[in-house]
Each structure stands twice: as C-alpha cells, then as structure tokens.
Amino acid sequence: MSKTETMKAKTMYDNVMDQFNQVADRMDLNKNIRKILGITNNEIIVHFPVKMDNGEVEIFTGYRVQHNNALGPYKGGLRYHPSIDVNDAKALAMWMTWKTSLVGLPFGGAKGGVQLDPRDYSLAELERITRRFTYSLGENIGPEQDIPAPDVNTNAQTMAWILDTYMSTKPSSARSQNQHVVTGKPVGAAGLEGRDRATGFGVYLNIKLYVEGQGETLAGKTFAVQGFGNVGQWASHFLTRDGAKLVAVQDAHDTIYDDKGIDVAALQEHCKPRKGSIQGYEQAESIDPSKFFGLEVDILIPAALGNQITDQNANDVKAKVIAEGANGPTTNDAEKILLKNGVVIIPDILCNSGGVIGSYFEWLQNRSGELWQLDEVMQRIEKKLTESFKKVEKAVKEEQTDWRTAAYIIAISRIEQAYVQRGIFP
Ligand SMILES: NC(=O)C1=CN([C@@H]2O[C@H](COP(=O)(O)OP(=O)(O)OC[C@H]3O[C@@H](n4cnc5c(N)ncnc54)[C@H](O)[C@@H]3O)[C@@H](O)[C@H]2O)C=CC1
Ligand SMILES: O=C(O)CCC(=O)C(=O)O
C-alpha cells in the first residue's frame with residue numbers, strides 16, 4: 001500500500017465494516033453469516049435525464065443500496081446531497097440493517113439518494129428529478145420489497161412525489177395496496193401523524209433515559225446540536241421542553257452560540273424563509289466553526305452528516321455524552337479517543353431509531369387501513385424506543401462494554417438467529 005493510500009481518510013464504509021468486524025470477532029459470529037452480512041445484496045445505480053426550467057437536459061445519478069433483507073423488506077432513507085455515492089450508500093444501508101434489527105422491526109436495511117445540491121434547483125425541478133428517479137428505480141422499490149423514507153435534504157413532499165409516481169405505474173384498483181411504498185409521507189397523503197418528529201423525539205428520549213439512569217434530570221443540562229434540520233430541530237424542541245438549554249447550533253452555513261440559551265422556536269422561524277439556514281440569526285453570536293465540538297456543554301448532538309467527530313477533534317470534546325442523531329457522525333478512531341476520555345456515545349443505530357420506528361407504524365397503518373391519532377402514535381414509538389434503550393443498557397452491563405458494541409451484539413445476534421432458525425446455516 002502506498003503512503004498516500006495509508007494516509008487516506010477512512011470512509012463511512014470503512015468505519016461500518018470495522019465496527020461489524022470487531023463485533024463479529026467478539027461474538028464469534030457464524031462464518032457463513034459473516035460472509036453474507038459483510039457484503040451488500042444489491043447496489044443499484046441509475047443515470048436519468050431531467051429537463052431543467054431553462055429547457056436544457058441534465059443527467060443525474062441516483063443510488064439505492066440494499067444491504068440485507070433477512071428480517072423483512074429493505075428499509076431506509078433517500079438523501080439528496082452532492083457527496084452521496086455508492087460507497088456512502090453502502091455504509092448507510094448497513095447501518096439501517098443493524099438499526100431495524102436492534103429495535104425489533106420486521107425490516108432489513110437500505111439507503112440511497114441522488115447526487116445533487118437541492119439549493120441549486122427550483123421546486124419544480126426537484127419534483128421532476130424525484131419523479132424520474134422513482135421511475136428509474138422501477139420495481140427495485142415496492143411496499144413489500146424496499147421502502148424509502150426521508151433523509152438529508154428530502155422530506156414529506158419528496159415522499160409524496162415518489163408515492164404518486166410509483167402509484168401511477170399501477171392499475172387504479174391496486175392503489176391502496178401501494179401506499180406503503182414510502183414512509184414519511186404528508187399526513188394528508190397516507191402519512192402518519194408524528195412521523196415528522198419521530199427521529200428527534202427518539203434522540204431526546206434516549207438522552208432523557210440515559211440521564212435519568214445516572215440519577216439526574218434534563219433540567220439545566222446544556223447541549224449543542226450540529227444540523228438544524230428535521231432531526232436537530234425536533235430533538236432541540238423536546239429537550240428544551242424538559243428544561244435543557246440549547247447553547248450552540250451549527251449547520252452547513254454558520255455556527256451560533258449563546259450561553260443564555262437559544263430559543264428553538266425563534267430560530268426555526270428565522271430558518272423558514274432562508275431554505276432552512278441558521279445564517280444571520282442575530283440573537284446569538286456567530287462563532288468559529290472549528291470550536292463547535294470543543295464547546296463546554298453537557299451533551300453534544302451531531303445531527304447532520306457522517307464523519308464529523310474525528311481523531312482531529314475528539315480530544316477537544318468536553319461533553320460527557322454524545323447522542324448520535326446523525327448516521328455515522330463519529331469515526332472509529334475518534335471513538336477510541338472518546339471512550340478513553342470517558343465520554344459515553346449513544347450510538348446512531350439506537351439514538352436515531354425513532355424515525356424508522358415511526359416509519360414502521362406508518363407502513364403498518366397503510367397496510368391495515370387504520371388511522372391513528374398523534375397521542376397513540378407517540379405512545380407506540382415511545383414504548384419501542386424505551387424497550388430498545390433498556391435492552392442496550394442491560395447489554396452494556398452484562399457484556400461490560402460500550403453502548404455501540406452492546407447495540408451491535410443485539411442487532412447482529414437477531415439476524416444470526418433468523419438465519420440459523422431458517423436452517424440455512426447450522
Ligand atoms: N430524517 C430522519 O428521519 C432521519 C435522519 N437521520 C440522520 O440524521 C441526520 C440529519 O438528517 P435530517 O435532519 O433529516 O436532514 P435535514 O436535511 O433535515 O437537515 C440536515 C442539517 O444538517 C446541516 N448540515 C449539512 N451539512 C453540514 C455540515 N457539513 N456541517 C454542519 N451542518 C451541516 C444542514 O444545514 C441541515 O441543518 C442525517 O445523518 C440522517 O441520516 C437518521 C434517522 C432518521
Ligand atoms: O424511516 C426510515 O425508513 C429510515 C430513516 C433513515 O433513513 C434512518 O433511520 O437513517
């Protein structure tokens with residue numbers, strides 16, 4: 001291996017594979033199952049043309065990686081971002097498999113997206129891109145095959161376009177049988193009350209349960225959040241509702257700080273006309289972005305992209321708890337440093353699982369034809385999240401290990417059991 005190769009930064013895929021291999025060794029995972037789980041089942045890459053507002057045609061590249069479906073249909077989000085590629089989609093799909101298994105859902109794992117920056121396109125162009133992408137994916141997605149959901153830079157509107165395009169390829173008599181081809185839809189278009197807040201609620205609940213497990217409460221705890229989108233906003237909303245104080249926010253455009261506390265609702269209002277950006281929020285000070293992870297806070301919530309806490313900034317971290325709202329925000333090298341420094345990491349596959357749990361209830365609601373009220377949905381989500389948290393908490397003690405390793409052991413054991421019980425790999 002050349003020197004440049006040795007020095008190359010590890011990708012999210014390197015990280016998820018290292019995490020998997022470490023736990024597989026520790027568990028002495030069946031070697032045949034290890035081979036299967038160490039590789040993605042399908043990697044779909046589509047190139048598709050879309051007419052832009054100016055009449056020119058642009059070619060886009062979209063991805064859907066399906067990692068494993070031993071426990072049920074593939075499940076996971078779609079992101080619209082310039083950095084998404086097949087390698088990132090593979091990592092994110094694998095994390096979905098562990099997540100759905102950990103929280104006891106009848107799903108496998110997938111992830112995908114389109115390589116673009118949505119800020120470069122009009123709403124009408126984004127609609128045409130989404131519809132073409134859906135058409136290009138064809139029967140690779142489907143209500144019992146692979147069920148996308150929102151992720152970075154996609155939302156309920158994106159899901160509604162996918163639903164509409166997918167349904168338009170089916171006979172009208174089969175429409176109700178296809179509503180669950182995507183989750184995270186608008187409530188008026190077969191969506192679920194509460195799916196919008198489900199991920200942020202899960203981040204909040206995991207932190208609350210952890211803090212209470214230490215004999216403390218959220219009141220007065222300070223936190224900083226990276227990413228003020230769906231996950232960051234809802235997590236901040238619920239945490240401040242319980243008396244915690246949001247002192248810093250970082251997004252793709254700015255980093256703001258106020259030790260007296262940032263008003264979540266006011267910041268949300270500020271973001272609305274600015275395509276979601278926190279830039280220009282005058283009630284807080286704009287600070288050097290490189291200082292963000294080293295701020296004096298009790299809790300850090302990375303809720304943006306992967307590979308944000310690295311061996312370069314891990315030693316700066318002063319928070320005692322990192323709650324991973326994002327997928328893969330902490331590199332494995334950073335994790336070693338953090339664990340040595342006594343920082344507890346509530347891992348992504350547990351911490352942000354509220355979203356896919358909400359999606360499961362949306363899928364069930366569509367399948368059964370029932371309609372649930374917000375309170376009922378939130379109770380169901382809370383119950384599943386609490387059970388999952390308690391399982392991991394118990395495994396941390398029994399296995400004398402960190403939270404990520406404990407969560408992986410539970411997740412991989414469930415899949416291993418499914419293969420063994422099916423008699424395929426004794
Ligand atoms: N939306 C969901 O239901 C779920 C999302 N997640 C994960 O949570 C994370 C955030 O997702 P969403 O909130 O849905 O996305 P979003 O698109 O609503 O918000 C993303 C936020 O991250 C910020 N951001 C982007 N690049 C950044 C950078 N380089 N530095 C700092 N901030 C940056 C954006 O400005 C924005 O505030 C992602 O890792 C996603 O995979 C995980 C589970 C479910
Ligand atoms: O709701 C879903 O199906 C998946 C959400 C997601 O992409 C994730 O949990 O990372």
Side-chain angles (χ1 to χ4, degrees), residues 12 72-84 88-89 91-100 102-103 105 107-113 117-119 141 146-156 158-159 180-185 191-192 194-203 224-236 248-256 267-268 271 274-279 289-290 292-293 301-309 323-330 348-363 381:
M12 290 203 293
Y74 300 107
K75 186 85 190 84
L78 287 175
R79 67 172 56 171
Y80 286 0
H81 198 273
S83 70
I84 183 83
D88 276 8
L92 291 159
M94 237 173 158
W95 276 315
M96 284 309 308
T97 303
W98 311 148
K99 194 182 307 183
T100 52
L102 172 66
V103 300
L105 301 179
F107 290 137
K111 201 80 163 209
D117 184 345
R119 293 171 76 92
I141 60 168
D146 180 357
I147 307 125
D151 194 74
V152 178
N153 290 332
T154 57
N155 53 31
T158 324
M159 298 305 117
H180 48 306
V181 62
V182 274
T183 56
K185 303 177 289 284
L192 179 82
R195 174 60 185 88
D196 54 355
R197 67 210 65 190
T199 311
F201 176 77
V203 173
V225 67
Q226 186 197 42
F228 201 64
N230 174 280
V231 182
Q233 290 190 26
W234 279 108
S236 302
V249 181
Q250 177 169 80
D251 76 356
H253 312 282
D254 206 353
T255 304
I256 57 172
L267 185 59
Q268 283 174 318
C271 292
R274 293 173 178 79
K275 291 192 172 178
S277 168
I278 62 169
Q279 205 161 34
S290 68
F292 180 79
F293 286 114
I301 308 177
L305 301 177
N307 284 0
Q308 297 299 299
I309 307 177
E324 294 186 331
N327 287 299
T330 314
D348 43 13
I349 61 170
L350 172 68
C351 192
N352 68 34
S353 63
V356 74
I357 293 174
S359 282
Y360 167 61
F361 289 124
E362 180 170 330
W363 185 76
I381 294 176

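Since we're looking at a predicted model, the values are computed, not measured. In each ligand, atom 1 is the first atom listed, and ligand 1 is the first ligand listed.
- With contacts defined as side-chain heavy-atom distances shorter than 4.5 Å, the pair Leu192/Thr183 does not qualify.
- Protein heavy atom closest to atom 30 (N) of ligand 1, with residue, atom name and distance, is Gln226 NE2, 3.7 Å.
- The CD1 atom of Ile84 lies 5.5 Å from the CZ atom of Arg79; values are rounded to the nearest 0.5 Å.
- Ligand-side atoms of ligand 2 in range of Gly77: 4 (C), 6 (C), 7 (O), range being under 4.0 angstrom from any heavy atom.
- With rounding to the nearest 0.5 angstrom, the CG atom of Asn230 is 9.5 Å from the CG atom of Asp151.
- Nearest to atom 18 (O) of ligand 1 among the protein's heavy atoms is Asn230 N, 2.9 Å.
- In this structure, the separation between CD on Gln233 and CG on Asp251 is 10.0 Å, given to the nearest 0.5 Å.
- Of the protein's non-hydrogen atoms, Phe228 N, 2.9 Å is the one closest to atom 37 (O) of ligand 1.
- Side-chain N/O atoms of Arg195 and Ser359 include a donor and acceptor closer than 3.5 Å.
- Heavy atoms of Arg195 come nearer than 4.0 angstrom to ligand 2 in at least one pair.
- The closest side-chain heavy-atom distance from Ile309 to Pro302 is below 4.5 Å.
- Set against the non-hydrogen atoms of Asn327, the atoms of ligand 1 under 4.0 Å away are 6 (N), 7 (C), 39 (O), 40 (C), 41 (O), 42 (C).
- In this model, a donor atom of one side chain and an acceptor atom of the other lie less than 3.5 Å apart for Asn155 and Thr158.
- At the top of the distance list for atom 9 (O) of ligand 2, counting protein heavy atoms only, stands Lys99 NZ, 2.6 Å.
- Atom NZ of Lys99 and atom CG of Leu105 lie 10.5 Å apart (nearest 0.5 Å).
- Of all protein heavy atoms, the one lying nearest to atom 3 (O) of ligand 2 is Lys75 NZ, 2.6 Å.
- Contact atoms of ligand 2 toward Met96: 4 (C), 6 (C), 7 (O), 8 (C), 9 (O), 10 (O) (distance under 4.0 Å to a heavy atom of the residue).
- Among protein heavy atoms, the minimum distance from atom 6 (C) of ligand 2 is reached at Lys111 NZ, 3.5 Å.
- Residues Thr199 and Trp234 have side chains not in contact (no heavy-atom distance under 4.5 Å, counting atoms from C-beta outward).
- Set against the non-hydrogen atoms of Arg79, the atoms of ligand 1 under 4.0 Å away are 38 (C), 39 (O), 40 (C), 41 (O).
- Of all atoms in ligand 1, listed by their number and element, those nearer than 4.0 Å to a heavy atom of Leu305 are 26 (N).
- With ligand atoms numbered from 1 in the order given, ligand 2 contributes 7 (O) to contacts under 4.0 Å with heavy atoms of Asp151.
- Judged by the shortest distance from any of its heavy atoms, Arg195 lies inside the 4.0 Å radius around the atoms of ligand 1.
- Any N or O atom pair closer than 3.5 Å counts here, and Ile147 shares no such pair with ligand 2.
- Remark: the Asn327 side chain and the Asn352 side chain contain an N/O donor-acceptor pair separated by less than 3.5 Å.
- Nearest protein neighbour of atom 5 (C) of ligand 1, counting heavy atoms only, is Val231 CG2, 3.5 Å.
- Side-chain contact between Asp348 and Pro329: present, with at least one pair of heavy atoms (C-beta onward) separated by less than 4.5 Å.
- Close approach of ligand 1 to Gly227 is summarised as follows: ligand atoms under 4.0 Å from at least one heavy atom of the residue are 21 (C), 22 (O), 23 (C), 37 (O).
- For the pair Lys111 and Trp95, the minimum side-chain heavy-atom distance is 4.5 Å or more.
- Contact of the Pro148 side chain with the Ile141 side chain is registered, since non-hydrogen atoms from C-beta on lie closer than 4.5 Å.
- Shown in contact with Ala303 at under 4.0 Å from a heavy atom are these atoms of ligand 1, numbered in order with element: 9 (C), 10 (C).
- At least one donor-acceptor pair closer than 3.5 Å links the side chain of Thr154 to the backbone N or O of Leu78.
- If you number the atoms of ligand 2 from 1 as listed, the ones under 4.0 Å from a heavy atom of Ser359 come out as 1 (O), 2 (C), 3 (O).
- Selection from Ile357, Leu92, Asp251 by nearest heavy atom to atom 31 (C) of ligand 1 gives Asp251.
- Closest protein heavy atom to atom 25 (C) of ligand 1: Ala252 CB, 3.8 Å.
- The closest approach between any non-hydrogen atom of Gly184 and ligand 2 is not below 4.0 Å.
- Atoms of ligand 2 found under 4.0 Å from any heavy atom of Asn327, numbered from 1 in the order shown, are 10 (O).
- Relative to atom 9 (C) of ligand 1, the option among Ser83, Gly229, Ala304 with the closest non-hydrogen atom is Ala304.
- Atom 40 (C) of ligand 1 has as its closest protein heavy atom Asp151 OD1, 3.2 Å.
- Not one N or O of His81 is nearer than 3.5 Å to an N or O of ligand 1, by distance alone.
- Closest to atom 15 (O) of ligand 1 among all protein heavy atoms lies Val152 CA, 3.5 Å.
- Near Gly355, with a cut-off below 4.0 Å to any heavy atom, the atoms of ligand 2 are 1 (O).
- Nearest protein neighbour of atom 17 (O) of ligand 1, counting heavy atoms only, is Asn153 N, 2.7 Å.
- Using a 4.5 Å cut-off on side-chain heavy atoms (C-beta onward), Glu324 and Thr330 make contact.
- Residues Lys75 and Tyr360 have side chains not in contact (no heavy-atom distance under 4.5 Å, counting atoms from C-beta outward).
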**OP:** Could you check Glu362 against Lys185 for side-chain contact (heavy atoms from CB on, under 4.5 Å), going step by step and ending with a plain yes or no?
**Re:** CA-CA 9 Å; Glu362 180 170 330; Lys185 303 177 289 284; 2.8 Å; yes
